[in-house]
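Structure first, commentary second.
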Number of protein chains: 2
Amino acid sequence: MFLSDKIKCMDEGIAGVRKAIPEVPADVGLCRIMLLIAERLQAELEHKLRPHKLNDSEFRTLIALFAHPNGTSTPGEVCLFTSLGVTNMTRIANALVKRGLITRGPSAEDRRRVVMQITPAGKRFVQKMLPSMLPRLKLLFDGFTHNERSTLNRLLRKLAHNLSKLEHTAGDSP
Amino acid sequence: MFLSDKIKCMDEGIAGVRKAIPEVPADVGLCRIMLLIAERLQAELEHKLRPHKLNDSEFRTLIALFAHPNGTSTPGEVCLFTSLGVTNMTRIANALVKRGLITRGPSAEDRRRVVMQITPAGKRFVQKMLPSMLPRLKLLFDGFTHNERSTLNRLLRKLAHNLSKLEHTAGDSP
DNA sequence: TCATTTTATTTCACCAGTGAAATATGCACC
DNA sequence: GGTGCATATTTCACTGGTGAAATAAAATGA
């Protein structure tokens with residue numbers, strides 16, 4: 001089922017709810033559409049990776065190492081850049097090691113730490129893979145003017161800012 | 001860690017990648033920000049539900065039934081409105097039945113089908129729960145003008161349209 | 001009518017993320 | 001120099017989504 005059909009159904013559904021409980025604002029539609037888009041976007045990102053038996057988390061991890069000086073970093077630091085949970089990193093790194101795209105070993109300076117390093121094969125993979133994703137990315141923003149892109153960017157960051165403020169407040173007060 | 005910090009780290013990370021591979025466009029940041037927002041938005045939605053031992057999927061299902069004539073529908077139809085996979089519906093319905101919020105039984109007209117019906121307790125739950133989520137939703141769009149909301153809506157739908165077009169094309173051609 | 005196809009739901013095995021707790025090391029302060 | 005706190009990684013049990021296949025009941029049509 002296509003995303004546009006899902007959105008149509010969602011619109012209908014929300015219209016029904018708002019008829020039953022009129023104080024529900026139209027903004028819930030905005031939220032739901034973002035969730036649907038994100039879901040589909042994630043699927044789109046994984047589309048190219050699947051044939052190579054990698055998922056998006058693993059790819060992000062690989063890219064984080066790629067973009068790092070010496071191609072080395074530690075699990076905790078990689079998680080900062082990728083927004084992945086540290087507890088997932090063990091499994092993700094295992095998978096990448098098994099695929100020969102990174103190596104992993106104990107750190108010399110701090111024996112609590114582990115250093116992950118991208119291998120030459122890993123670098124080649126990123127350098128081949130990343131550009132091959134760009135045409136579809138271009139299509140994704142097809143018809144967007146420069147202005148629209150920057151407006152979208154601004155509005156999303158504004159929303160993110162509000163979300164961050166919400167994180168501070170417990171939220172079950174009144 | 002707050003969403004705004006995650007976004008800051010993500011921005012840094014992408015800047016690093018773009019320095020290494022300059023043909024990577026800034027649009028990847030737009031994509032990642034949407035994914036981060038969606039993730040956080042989902043968490044926000046589930047925040048209120050968690051004390052009641054429901055997750056968002058279960059709540060959406062309940063609402064779909066609530067908004068339906070007679071409060072009855074079938075798993076397949078509910079999935080249309082909620083964008084949930086049919087295979088999840090069995091588990092979700094099981095949970096809602098156990099909580100006494102819906103009933104489930106065989107259909108009289110078509111014995112392949114199952115009818116799900118919201119119970120009075122389920123209706124009460126929705127009527128109490130939904131309005132209690134509105135204050136935080138209001139905060140979420142705090143500072144957004146009417147115009148900004150509709151622009152965001154328009155741009156997201158435009159993006160969704162492009163995503164739908166991508167779904168048609170296989171995508172691994174050149 | 002009876003064989004084929006379509007539709008609806010369920011089951012199952014698998015993948016991926018999460019929080020809490022375990023483990024191990026480093027660091028600071030007395 | 002040992003005690004207690006902080007940091008880094010891992011393990012584990014649990015939750016939730018997915019696709020493929022099983023099951024069962026219509027619908028189609030020769």
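So you know, we letter chains A, B, ... as the sequences are listed, proteins then strands, and number each from 1.
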| request: Step by step, work out the ring pair (Phe, Tyr, Trp, His ring centres under 6.0 Å) result for B:F59 and B:H52. | output: CA-CA 10 Å; B:F59 192 54; B:H52 301 277; 9.2 Å; no
| message | Rounding to an integer number of Å, can you tell me how far A:F59 CZ sits from C:dA16 C1'? | response | 19 Å
| said: Measure CG/B:L36 against P/C:dG17 and give the value in whole Å, please. | reply: 14 Å
| Taking A:R149 for the side chain and A:F144 for the main chain, is one N or O donor matched with an acceptor at less than 3.5 Å? | yes
| said: The side chain of A:R111 is closest to which nucleotide in this list: C:dG26, D:dT10, C:dT9? | reply: C:dG26
| field | Atom-pair distance (CZ on A:R113; C1' on D:dT7), nearest Å | value | 9 Å
| task | Nearest whole angstrom, please: distance from the P of D:dC14 to the NZ of B:K53. | result | 15 Å
| request: Flag the pair B:E58 and B:R99 as a salt bridge only when some basic side-chain nitrogen lies within less than 4.0 angstrom of an acidic carboxylate oxygen. | output: no
| Would you say a side-chain N or O of A:R50 is under 4.0 Å from OP1 or OP2 of C:dC15? | no
| message | From C-beta outward on B:N88, which listed nucleotide comes closest to its side chain: D:dT18, C:dT9, C:dT18? | response | D:dT18
| query | Which comes earlier along DNA chain C counting from the 5' end, the contact point of B:R112 or that of A:E58, where each point is its nearest nucleotide? | reply | B:R112
| said: I want to confirm an ordering. Mapping A:E39 and A:N94 to their closest nucleotides on DNA chain D, which one lands closer to the 5' end? | reply: A:N94
| Which whole-number value in Å describes the distance from A:N55 CG to D:dG17 C1'? | 14 Å
| remark: Assign each of A:E46 and A:E109 the nucleotide of DNA chain C bearing its closest heavy atom; nearer the 5' end lies the nucleotide of A:E46
| message | A cation-pi test, strictly: NZ or CZ of B:K123 under 6.0 Å from the centre of the six-membered ring of B:F66 and no more than 45 degrees from its axis. Yes or no? | response | no
